[in-house]
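As the structure is a prediction and not an experimental result, all values here were calculated from the model.
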Amino acid sequence: MSTSPYTGNVTVGGPADVRDLPGLTISKLAVSEMANNAYLLRCTATDEALLVDAAAEPAAVRALVGNADLRTVITTHGHWDHHRALPDVVRDTGAVTVAHPADAADLPVPVQRPVEHGDTVAVGEQTLEVVHLRGHTPGSIALVWRGSGDAGVHVFTGDSLFPGGVGKTWSAEDFASLIDDVEQRLFAVLPDDAWVYPGHGDDTTIGTERPHLAEWRERGW
């Protein structure tokens, strides 16, 4: 684990980057040839933990979890590169699987808790808000944690929002759906300092990306 200040810059085969916040510790790990990000969220009061995207490399993901009490694994969407380690992690920990029902059939294990837009998922004493972002896949979701005090707002966006644009889509209709949802359900309601943790690559903030929304819409991707 890194002991340096959190940057969100991780590389496959390298250590997790760890962010200690009031109430929640966030650990980010890059895995697989697709450089997927897996995020472990641990409630500092209870040591209960939640994993966002058991993407690949089960041994590495299990090492990320360590001795934390993993209760839940949320899959942000159904694409294969985001859930290859899910069967092993669930088998080893007994964690409850969570995803949107529109993508549930694409996962390699049953979804024990389907979630819709506006639902919440607990990790110990902390709460994540589910945001449905339609377009990259029908059931893509983001997760928003609103920390108390100076902890700030943190959003895990899967492949729906990255530095420099929204996620890949395969039709004009899907792009319109995704850019509309991202604009209305993230940018319209989150502050500029909200930290964005995507499914691949580096982090960003809502404020960094906000000035480019019209540009993304104009270019169509």
Calculate, to the nearest 0.5 Å, the distance between atoms [atom1] and [atom2] belonging to [X] and [Y] respectively.
| X | Y | atom1 | atom2 | answer |
| --- | --- | --- | --- | --- |
| L24 | L41 | CG | CG | 4.5 Å |
| T7 | D203 | OG1 | CG | 8.0 Å |
| S160 | D181 | OG | CG | 8.5 Å |
| I206 | D192 | CD1 | CG | 8.5 Å |
| W195 | L21 | CH2 | CG | 10.0 Å |
| L40 | L51 | CG | CG | 6.0 Å |

Open item on the list: Run the side chain to side chain donor-acceptor pair (under 3.5 Å) test on E129 and T120 for me, step by step, so that the C-alpha distance in whole Å, both residues' side-chain angles and the decisive distance to 0.1 Å come before the verdict.
Closed with: CA-CA 5 Å; E129 304 166 15; T120 60; over 6 Å; no
Polar side-chain atom of [X] near backbone of [Y] as donor-acceptor pair, under 3.5 Å:
| X | Y | result |
| --- | --- | --- |
| T93 | V89 | yes |
| D53 | N36 | no |
| H83 | G78 | yes |
| H154 | A194 | no |
| R134 | L178 | no |
| E57 | S32 | yes |
| E209 | G164 | yes |

- [ ] Verify the distance criterion only: is there a donor paired with an acceptor across the side chains of E116 and H100 at less than 3.5 Å?
- [x] yes
Open item on the list: Under a plain distance cut-off of 3.5 Å, with no hydrogens placed, do E215 and H212 share a side-chain donor-acceptor pair?
Closed with: yes
Please say yes or no: joined through hydrophobic side-chain contacts below 4.5 Å, possibly via intermediate residues, are [X] and [Y] part of one cluster?
| X | Y | result |
| --- | --- | --- |
| W80 | I74 | no |
| L70 | L107 | yes |
| V73 | V111 | yes |
| L143 | I26 | yes |
| L186 | V153 | yes |

Does the side chain of [X] reach to within under 4.5 Å of the side chain of [Y], using non-hydrogen atoms?
| X | Y | value |
| --- | --- | --- |
| H200 | M34 | yes |
| V121 | V115 | yes |
| L190 | R146 | yes |
| T46 | E125 | yes |

For [X] and [Y], work out which heavy atoms get closest and say how close.
| X | Y | answer |
| --- | --- | --- |
| D103 | G139 | OD1-N, 2.8 Å |
| A122 | L50 | O-CD1, 4.1 Å |
| G165 | W216 | N-CZ2, 3.3 Å |
| F162 | P198 | CD2-CB, 3.6 Å |
| G207 | P211 | O-CD, 3.3 Å |
| L213 | E183 | CD1-CG, 4.2 Å |

Open item on the list: My understanding is that only one of T75, N37, D159 makes a side chain to side chain donor-acceptor pair (under 3.5 Å) with H82; could you say which?
Closed with: D159
Could you tell me how the ring of [X] sits relative to the ring of [Y]: parallel (under 30°), tilted (30 to 60°) or perpendicular (over 60°)?
| X | Y | result |
| --- | --- | --- |
| H136 | H77 | perpendicular |
| Y197 | Y6 | tilted |
| Y39 | F156 | perpendicular |

Task: side-chain contact (heavy atoms from CB on, under 4.5 Å) evaluation trace for L133 with R185 - done: CA-CA 8 Å; L133 302 171; R185 297 181 172 186; 4.2 Å; yes
Task: Worked verdict on D17 versus R19 for salt bridge (charged side-chain N to carboxylate O under 4.0 Å, His left out) - done: CA-CA 7 Å; D17 200 2; R19 188 171 203 173; over 6 Å; no
Open item on the list: With a 4.0 Å cut-off on N to O distance, would you call R217 and D180 a salt bridge?
Closed with: yes
- [ ] From the options D119, V130, V131, select the one residue that forms a side chain to side chain contact (heavy atoms under 4.5 Å, CB included) with I141.
- [x] V130
Task: Set of side chain to side chain contact (heavy atoms under 4.5 Å, CB included) partners for V90, sequence neighbours left out - done: L86, T97
Task: Intermediate values then yes/no, salt bridge (charged side-chain N to carboxylate O under 4.0 Å, His left out), R84 and E33 - done: CA-CA 12 Å; R84 283 180 284 174; E33 73 281 7; 3.2 Å; yes
Task: Atom CH2 of W221: over 12 foreign heavy atoms under 6.0 Å - done: no
